[in-house]
Protein chains: 2
Amino acid sequence: MYQVKELSQWGGVSIRTLHHYDQIGLLKPDLIGENGYRYYGDQSLERLQQILFFKELDFPLREIQAMLDHPGFDRQKALRAQYELLQSKKNRLETIMETVKETLLSLETGQKMKIKEMFKGMDMQAIEAHKEKYAQEVEERWGHTPAYKQSQQKTAHYTAQDWERIQARTAAIYSQIVAGMGRGPADPEVQAAIADLRQSFCDYYYDCTPEIFKGLGEMYVADERFTAFYENIQTGLAAFLSQAIAHYCEHLPG
Amino acid sequence: MYQVKELSQWGGVSIRTLHHYDQIGLLKPDLIGENGYRYYGDQSLERLQQILFFKELDFPLREIQAMLDHPGFDRQKALRAQYELLQSKKNRLETIMETVKETLLSLETGQKMKIKEMFKGMDMQAIEAHKEKYAQEVEERWGHTPAYKQSQQKTAHYTAQDWERIQARTAAIYSQIVAGMGRGPADPEVQAAIADLRQSFCDYYYDCTPEIFKGLGEMYVADERFTAFYENIQTGLAAFLSQAIAHYCEHLPG
DNA sequence: ATAAACTATCACGTAAGGAGAGGGTCAAGC
DNA sequence: GCTTGACCCTCTCCTTACGTGATAGTTTAT
């Protein structure tokens, strides 16, 4: 277990930065002593490394958090993408260096430069596009749906405390569902919890229409990353959830 | 003359950014139409280029402004320094890329990395030191005087509006002095303006004692960079200022 | 036991713009 | 001469990723 100072020195960041990352939930200590001290383990080191790599590439912290917490985040894949992005950043730097050199030359020879040459390499669009590509790859097909956008808009203003409340509420619902797994997906209490779940989606993220909700339920078994996420909570939960949601959607009033 | 959109496209910055640069006095348009439109000339292009180069190296805008406005700023020298700094930034990127690669390798072989290796290249200290070196070089011999330090302390908290006020006041004083150039350095109105000038130095930068003020006046003709700066406002201004300040200092009460 | 070197939590401040409202201006085509 | 689309302006509030104290508890070293 390492303390803040060690981490901050290794990572070349300030202690305040680690406090900040803790506050927004980007990098929580593995353990908090009864004196309030933050203690980090080896996993946190890896996570910090990932954070710093992404930060080097100018990803906003919120996106970094979303990517690292995405069920099915793949560290190897991420590292490979990071390498590529660093490469293009390097290329951009080299272009700028050429521009500087050419400018020097034009000063010495007294030759006027073309305007476009003066700013070659300065626009970030190429890299930004590249970045977006990776970020979208992580989010795959959800990135362009209107529901996703709404979710982004809503969650943009959530504070750290909001997130804690949301996580607490969601966890409570899942534990309700897990508790009812023995009684089958049509069990009234299970169905009530499913209704709660949908309501919480509506409250916190986006209009979770019956159609969307149905699609979500199907995805829980069709998409291995979601499956992994829920199986991790409880074996069999992914399939159970999927069935319970299907049942819920079929028996909606109206 | 170019409009904001052209400039913004060439430089790969937003229009809002140009507005901002105008507001803080970093890049003022060469001409403002009576419709309020901003028009930039070729000199502004060069200045924008310099700004972007420095920004690429993470210099804060305030420092960029200070360097570009420093009497005796040398574009060639700046470009050479920028090239070097870009080089070290590139080296740092390459180190990070190696770290990414090694991390990948350690994942594949299952070998654990040493902590320091995990973060190799992430700290910016080396480059920051390099940057500081150049910034100090620009300020040359003023950098270590107590007056300079006081000035740094005072100006550190100035806002954009403060700077606008200061520039406006200073410009007004200089135009007073220029207007009085025909009447000689001892003219009462000129002397009043000189007193104002010294007062404004005291207010905004540092205790401008009579001795310092005298030295400053001499520098205006002795140091070519200052001379160039004032000659640029009005031919003959440097010498006139110098004489007027000398006269002022000799006739101080007490 | 006392100093030095850690740690913590507020609370406020900052830089460099982004976003958007609300509203003028200019050139082209009809 | 009028509209329309592409410009431009100012103004105000918002955001990100922390920096900067202030104040105070804790651990370790002498």
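The CZ atom of F54(B) sits 14 Å away from the P atom of dA16(C) (whole-angstrom rounding). As a whole-Å value, the separation of L61(A) CG from dC18(D) C1' is 9 Å. When the P atom of dC7(D) is taken as reference, atom OH of Y39(B) falls 14 Å away, rounded to whole Å. At whole-Å resolution of the value, CD1 in I64(A) and C1' in dA17(D) are 11 Å apart. When the P atom of dA16(C) is taken as reference, atom CD of Q23(B) falls 13 Å away, rounded to whole Å. Counting to the nearest Å, the C1' atom of dA16(C) and the CZ atom of R62(B) are 12 Å from each other. Remark: P of dA17(D) and CD1 of I51(A) are 12 Å apart, rounded to the nearest angstrom. Distance, R38(A) CZ to dT26(D) P: 15 Å, rounded to whole Å.
Between the R92(A) side chain and the G121(A) main chain, a donor and an acceptor come within less than 3.5 Å of each other. Between the side chain of Q65(B) and the backbone N or O of I24(B) there is at least one donor-acceptor pair closer than 3.5 Å. Although no hydrogens or angles enter the test, the distance criterion places a donor-acceptor pair under 3.5 Å between the side chain of K28(B) and the main chain of D22(B). Using modelled atom types, one side-chain atom of D30(A) and one backbone atom of G41(A) make a donor-acceptor pair closer than 3.5 Å.
The nearest pair of heavy atoms linking T99(A) to Q49(B) is CG2-NE2, 4.3 Å.
Contact between the side-chain N/O atoms of T17(B) and the OP1/OP2 oxygens of dG18(C) is found at a separation under 4.0 Å. OP1 and OP2 of dC7(D) both lie 4.0 Å or more from every side-chain N or O belonging to Q3(B). Contact annotation: S14(B) does not reach the phosphate of dG17(C) (side-chain N/O to OP1 or OP2, under 4.0 Å). One finds a side-chain N or O of Y21(A) lying less than 4.0 angstrom from the OP1 or OP2 phosphate oxygen of dC18(D).
In the set dT16(D), dC8(D), dG17(C), dG17(C) carries the atom at the smallest distance from any side-chain atom of R16(B). For H19(B), whose side chain is taken as the heavy atoms from C-beta onward, the closest listed nucleotide among dT10(D), dC8(D), dT7(C) is dT10(D). You'll find that the side chain of H20(A) is closest to dA17(D), out of dA17(D), dA16(C), dT9(C).
Ranked by how close their nearest DNA chain C nucleotide is to the 5' end, P60(B) and E34(B) are led by P60(B). Annotation: of the two residues near DNA chain C, K55(B) and N35(B), the 5′-most nearest-nucleotide partner is K55(B). Residue K5(B) is the one, among K5(B) and D22(B), whose nearest nucleotide of DNA chain D lies closer to the 5' end (criterion: closest heavy atom).
In this model, a side-chain donor or acceptor of Y37(A) finds a partner on the base of dG25(D) within 3.5 Å.
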